[in-house]
Number of protein chains: 2
Amino acid sequence: MTDKKEKIITVALELFANEGYSTTATSKIARKAGVSEGLIFRHFENKKGLLEAIIKDADLKLGQVFAPIIFESDPKEVIRHTIETPFNLDKSEYNFWKLQYKLKWQEEYNNPHKMKPLYDKLTWAFTELGYQQAEEEAQLLTYILDSITMVTLRGKIEVSDKFRIFLLEKYNL
Amino acid sequence: MTDKKEKIITVALELFANEGYSTTATSKIARKAGVSEGLIFRHFENKKGLLEAIIKDADLKLGQVFAPIIFESDPKEVIRHTIETPFNLDKSEYNFWKLQYKLKWQEEYNNPHKMKPLYDKLTWAFTELGYQQAEEEAQLLTYILDSITMVTLRGKIEVSDKFRIFLLEKYNL
DNA sequence: TAATTTTGTAAGCGATTACTCACTTTTTAT
DNA sequence: ATAAAAAGTGAGTAATCGCTTACAAAATTA
């Protein structure tokens, strides 16, 4: 991948995540990336193609983030690691996560099955730990963590460390 | 309020909620409302003014929706009623809720304090019921319900009645 | 090295955007 | 009844949008 092509993707991710896809003009992306506007269309055909290239990159990354959980064999550690994920978000990855959550509101890019592997692993973990309704427990935990993640990304409120402990205690960790 | 002014608000709410604020053209709103485009600007000055008029209406409605909970005196009923709210969303009010949640991603319209009264009432209820960490419990419950509401609004997955029961049991209801 | 392909640019295109303005119709007030 | 105010229209506007095209530079292949 060319330097300029990569720069376009980086800048577009930042702008799409913070100012929205449709409100971000291709001219703005080009200016901020130090690139002619035409180059965007040379590499990605159209604006939508640029977004999809970003999403493809993101899906790859999503797999990497959750791999350590998916391959963990201790059910207690699966739960602990899952709970701690939203509290350990790296600020350099905020744009990545913001775009993920924003796109959920865009019909055609909302893919609820993207998190299926994590959900399945959590169900397994709760079953192992003797919970009676493991599926519902898994569902519940993903709901909680989604909300925490979103609140954190929006940045106006920070979720306290006390709450993290509170959660861990709820799950006997 | 004039009939046509009301129609503009109704149509704009529908379009903003389902297709997004910035992607919805004022010309489209006018066409769908059966009104000249100029009338929008006569009544609301600009597109942003139209959005803010809708938000103002919505805030009023938000107060009405949560009033029965805020004025409930039985702490158990406060919790039950709160949990059941996202399961009883009227389809005719989806647009209203969708816009609420979508706007949370728009910096200037994200007001986390909007739900403060509900949060405070929940904290009171959990205290009454002898929970040790009432504030965290209130926080947790609002997180859960936010996620359920969003999943429901997106419409691809429906949250089962089994999950509702599961939740009520968790809170001994 | 010569030919070909890929990467990059700049100017400009038609379409659409939010918005204005001159004007008419309807409602309200005196 | 009449004047003033408010509601409503439709044709325009400049600016911006995503995108194309003709061309040049750079990299790759032969």
Side-chain angles (χ1 to χ4, degrees), chain A residues 1-58 60 95 98-99 102-103 105-110, chain B residues 1-58 60 95 98-99 102-103 105-110:
Chain A
M1 178 132 51
T2 312
D3 283 1
K4 297 205 171 185
K5 189 176 177 184
E6 243 184 74
K7 189 76 209 256
I8 290 171
I9 288 187
T10 310
V11 169
L13 169 61
E14 179 192 334
L15 292 175
F16 288 168
N18 293 298
E19 301 176 13
Y21 170 71
S22 56
T23 45
T24 300
T26 51
S27 60
K28 190 172 183 177
I29 298 171
R31 204 182 323 122
K32 196 156 184 181
V35 146
S36 72
E37 194 179 353
L39 192 59
I40 294 177
F41 296 92
R42 161 114 324 167
H43 281 310
F44 305 99
E45 197 176 330
N46 50 37
K47 194 185 174 185
K48 197 174 162 180
L50 171 57
L51 175 61
E52 277 160 8
I54 293 177
I55 291 176
K56 218 174 163 183
D57 276 18
L60 233 80
N95 289 338
K98 265 192 195 177
L99 190 60
K102 275 195 181 184
L103 285 177
W105 287 107
Q106 304 245 13
E107 197 85 43
E108 61 179 315
Y109 297 115
N110 171 24
Chain B
M1 179 134 51
T2 313
D3 282 0
K4 298 208 171 186
K5 189 176 179 184
E6 243 184 76
K7 190 80 208 259
I8 290 171
I9 289 188
T10 309
V11 168
L13 169 61
E14 178 191 334
L15 292 174
F16 288 168
N18 293 298
E19 302 177 14
Y21 169 70
S22 57
T23 45
T24 300
T26 50
S27 59
K28 189 173 184 177
I29 298 171
R31 203 179 327 119
K32 197 157 184 182
V35 149
S36 72
E37 195 177 355
L39 190 59
I40 293 176
F41 297 92
R42 163 126 331 217
H43 281 310
F44 305 100
E45 196 173 331
N46 50 35
K47 194 183 172 184
K48 197 174 161 181
L50 171 55
L51 175 62
E52 278 160 8
I54 292 177
I55 292 175
K56 217 175 165 182
D57 275 18
L60 233 79
N95 289 337
K98 267 193 191 174
L99 191 61
K102 276 197 179 181
L103 285 176
W105 288 107
Q106 305 243 16
E107 196 85 44
E108 60 179 316
Y109 297 116
N110 171 23

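Lettering follows sequence order; numbering is per chain, from 1.
Put simply, CD on B:E19 is 16 Å from C1' on C:dT17, counting in whole angstrom units. Look at CG on A:L39: it is 17 Å from P on D:dT21, rounded to the nearest Å. As rounded to whole Å, 14 Å separates atom C1' of D:dG12 from atom CZ of B:F41. The CD-C1' distance, from A:E37 to D:dA22, rounds to 17 Å in whole Å. For the pair B:R42 CZ and C:dT24 C1', the interatomic distance rounds to 11 Å; values are reported in whole Å. In this structure, B:N46 atom CG and C:dT17 atom C1' are separated by 14 Å, rounded to whole Å. Whole-Å rounding puts the B:I8 CD1 to D:dA7 P distance at 11 Å. What separates NE2 of B:H43 from C1' of C:dT20 is a distance of 16 Å, to the nearest Å.
In plain terms, the two heavy atoms of B:I29 and B:I8 that are nearest each other are CG2-O, 4.2 Å. Heavy atoms only, all atoms of each residue included: A:E37 and A:A30 are closest at CA-CB, 3.6 Å.
Taking 4.0 angstrom as the limit, B:T26 places a side-chain polar atom (N or O) nearer than this to OP1 or OP2 of C:dA18. In this model, the phosphate group of D:dG18 is not approached by any side-chain N or O of A:S27 to a distance below 4.0 Å at OP1 or OP2.
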Under 3.5 Å, side-chain donor or acceptor atoms of residues 39-46 of chain A against the rest of the protein: list the pairs with distances, not counting sequence neighbours.
unit_1 : atom_1 : unit_2 : atom_2 : d
A:N46  : OD1    : A:K48  : N      : 3.4
A:N46  : OD1    : A:G49  : N      : 2.8

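Listed nucleotides D:dC17, C:dT17, D:dG10 differ in distance to B:S36; the shortest reach to its side chain belongs to D:dG10.
Cation-pi geometry between B:K47 and B:F16 is not met at under 6.0 angstrom from the ring centre and within 45 degrees of the axis.
A:K4 comes within contact range of the sugar-phosphate backbone alone, with a heavy-atom separation under 4.0 Å but no base atom that close. Residue A:T24 is in sugar-phosphate contact alone, with no base atom involved, counting any heavy-atom pair closer than 4.0 Å across all strands shown.
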